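Here the structure comes first, spelled out in structure tokens, and everything after it is commentary.
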Amino acid sequence: MYTKDIYIQRRAELKRRVGEGLILLFGNNDAPNNYPSNTYRFRQDSCFLYYFGQKREGLVGVIDIDNDQEYFFGDDIDIDDIIWYGYVPSVKELAEEVGVTQSAPMKALKTMIDAAKAKGQTIHFVPQCRHDLMIQLADLMGIHPLQSKEKASVKLIKAIVDMRAVKQPEEIVELKAAAEIGYNMHTTAMKLCAPGVTEKYIAGVIEGIAMSVGDRYAFQTILSMHGEIQHGFPSHTPMEAGRLMLCDAGAESKENYCSDNTRVTPISGKFTQQQRDIYQAVEAAHDWVIANAKPNVKWLDMHLGACRILTDHLKSIGLMKGDTDEAVRVGAHALFMPHGVGHMMGLDVHDMEGLGQNYVGFDEEVQPSTQFGLNCLRCGRRLQKGFVMTDEPGIYFIPHLIDLWKSQNMHKDFINYEPIEPFRNFGGVRLEDDIIITDAGCQIIGDKIIPYHIDDVEAYISKD
Ligand code: GLY
Ligand code: MN
């Protein structure tokens with residue numbers, strides 16, 4: 001946790017931006033896994049963490065802007081809890097630690113909200129993604145549990161997005177810590193990668209690194225010889241010589257800031273020529289984004305620029321044809337790259353996605369697209385200093401998608417379907433690093449960059 005001044009200052013800024021009413025921010029509750037007392041590992045809600053810092057379950061923070069008061073609602077633990085889980089400070093003590101002066105049991109929250117509604121105060125809340133909180137909100141507000149998104153406060157969402165999108169120095173320290181853990185996870189995976197070793201074994205080892213030195217892994221590790229499956233989770237299948245292992249994994253630092261990297265390792269230790277051709281295209285697109293991302297450029301243009309580079313490379317090896325700009329304009333390249341070039345990252349690996357992608361990544365100037373591929377771009381708007389983005393272009397050979405497009409003669413002026421056949425079992429290549437936008441450009445976060453240039457990868461994995 002940071003010092004209390006940071007949370008006091010963040011809440012003061014939020015109050016200033018929202019201006020009037022009462023802000024309701026839910027902390028998370030414990031969530032049962034397979035029976036009530038066997039819970040998923042607790043993870044605090046990211047907005048609650050940002051403004052209130054405390055990681056205990058079962059808390060709600062209220063900022064009454066109109067009356068200039070702040071509250072923690074929650075129930076103190078009893079002796080039974082202490083026997084099983086140890087002593088936890090009281091709600092009052094937790095509140096005081098982060099500069100919140102008032103606290104009350106959870107049942108008092110309903111009384112406060114009813115009184116606020118009776119006085120005509122605006123009650124601001126954000127969309128909820130957890131069902132228990134949807135029900136808790138529904139109970140307080142008298143809305144249907146599924147209405148938390150449509151009834152949420154746009155003013156509050158926009159204020160939070162504006163604050164959380166621009167990372168402050170204390171946040172960058174944590175992002176660097178997460179990057180360091182990510183470096184250890186990925187370099188370990190690269191070293192363990194060999195024929196006969198299972199995907200699950202490697203994923204388990206690197207998730208163990210995240211769990212043992214950070215707070216946890218940032219998302220379920222994607223680790224597969226089937227890199228063409230965007231979120232391909234590890235199986236017990238032993239790795240096969242000649243194929244590629246795609247590993248997309250990240251850590252959360254002790255304060256829950258994330259890292260998110262992807263590397264691709266040749267299981268035999270050396271890339272084949274076919275693998276080099278595809279890898280080099282992705283590497284060029286990845287590096288182009290790093291060379292061009294800076295304040296005031298649109299992230300949409302970073303995406304489209306990366307797609308043009310991929311298209312040029314795919315043309316040079318005969319898989320695409322025609323005018324590059326036109327191919328990208330109509331979305332022909334999306335056969336090979338059906339996702340966006342990157343997303344915001346911070347306390348959430350897809351930062352603030354739960355608040356609504358249109359508020360996070362788009363604005364009046366840059367609107368989301370419905371075109372296949374581009375519809376997965378999670379951010380398009382102009383970059384600002386302090387934004388943290390992932391840079392993650394890729395090329396994938398997805399047999400079902402190839403067959404579908406081929407059967408429909410889709411984008412036949414830009415795609416050569418016959419030469420794609422030898423790539424049917426290729427898998428996929430994605431390279432991902434996390435960048436922070438600086439005064440004039442951007443930097444990869446972290447002191448050590450996980451090897452990704454082809455020669456560096458081969459040299460790294462061959463070293464004892
Ligand atoms: N690293 C997983 C994702 O960005 O979806
Ligand atoms: Mn990512």
Side-chain angles (χ1 to χ4, degrees), residues 43 46 129 165 167 175 178-179 181-186 189-190 199 202-203 206-207 209-210 214-224 226-234 244-253 256-265 282-283 285-287 289-290 293 299-300 302-303 306-307 310 334 337-355 357 360-361 368 373-380 383 387-396 398 427-437 442 444-446 449-450 452:
R43 167 57 152 86
S46 295
C129 65
K167 272 52 180 187
L175 287 159
I181 306 168
Y183 177 90
N184 290 330
M185 292 166 75
H186 279 275
M190 290 165 76
E199 297 170 349
I202 301 182
I206 68 172
E207 286 180 352
I209 294 173
D215 189 68
R216 66 189 58 223
Y217 42 93
F219 54 95
Q220 279 192 67
T221 295
I222 296 162
L223 191 147
S224 178
H226 283 281
E228 80 280 8
I229 303 173
Q230 303 299 299
H231 286 176
F233 297 123
L244 297 172
M245 176 187 82
L246 183 148
C247 174
D248 180 346
E252 284 192 17
S253 69
N256 299 100
Y257 282 82
C258 300
S259 68
D260 183 5
N261 296 95
T262 307
R263 289 294 184 266
V264 170
T265 308
V282 177
E283 187 182 322
H286 170 278
D287 288 352
V289 172
I290 290 173
W299 189 245
L300 171 64
M302 298 298 96
H303 172 84
C307 293
L310 297 177
M337 179 169 149
H339 64 74
V341 80
H343 47 86
M344 283 198 173
M345 195 191 71
L347 277 168
D348 303 305
V349 70
H350 288 185
D351 211 20
M352 303 176 277
E353 197 163 287
L355 296 180
Q357 204 54 61
V360 176
L374 203 48
N375 58 356
C376 291
L377 182 63
R378 296 173 199 278
C379 176
L383 299 171
F387 277 16
V388 168
M389 311 296 301
T390 65
D391 166 23
E392 51 175 312
I395 292 181
Y396 314 90
I398 306 168
V429 171
R430 174 165 65 252
L431 290 174
E432 178 174 22
D433 282 297
D434 309 323
I435 59 174
I436 181 153
I437 307 302
C442 74
I444 295 183
I445 296 173
I449 295 176
I450 308 158
Y452 72 93

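Everything numeric here is computed off the predicted structure, so don't read it as measured data. Each ligand, and each atom within it, is numbered from 1 in the order the structure gives.
Note on H343: counted as a metal contact of the Mn ion (ligand 2), an N/O/S atom lying under 2.8 Å. D248 lies apart from the Mn ion (ligand 2) in this respect, since none of its N, O or S atoms is found at a distance under 2.8 Å.
Between the side chains of D260 and T390, no donor-acceptor pair is found at a separation under 3.5 Å. In the model, D433 has a side-chain atom that pairs as donor or acceptor with a side-chain atom of N261 under 3.5 Å.
Not one N or O on the side chain of R378 forms a donor-acceptor pair closer than 3.5 Å with the backbone of H350.
If you look at D260 and ask which of its N, O or S atoms sits nearest the Mn ion (ligand 2), the answer is OD2.
Across T221, V349, D260, heavy-atom proximity to atom 1 (N) of ligand 1 is greatest for D260.
Under a 4.0 Å criterion applied to the non-hydrogen atoms of H343, ligand 1 contributes the atoms 4 (O). For ligand 1, the atoms closer than 4.0 angstrom to any heavy atom of F219 are 1 (N), 2 (C).
For H231, every heavy-atom contact with ligand 1 shorter than 4.0 Å involves the side chain, none the backbone.
The angle E432:OE2 - the Mn ion (ligand 2) - E392:OE2 amounts to 80°, with values rounded to 10 degrees.
Taking the six-membered ring where the residue is Trp, the centroids of Y452 and H286 are separated by under 6.0 Å.
In terms of protein heavy atoms, atom 2 (C) of ligand 1 is closest to D248 OD2, 3.5 Å. H350 NE2, 3.1 Å is the protein heavy atom nearest to atom 3 (C) of ligand 1.
No side-chain heavy atom of M245 sits less than 4.5 Å from a side-chain heavy atom of M190. Looking only at side-chain heavy atoms (C-beta outward), Q230 and Y396 come within less than 4.5 Å of each other. No side-chain heavy atom of V388 sits less than 4.5 Å from a side-chain heavy atom of D351.
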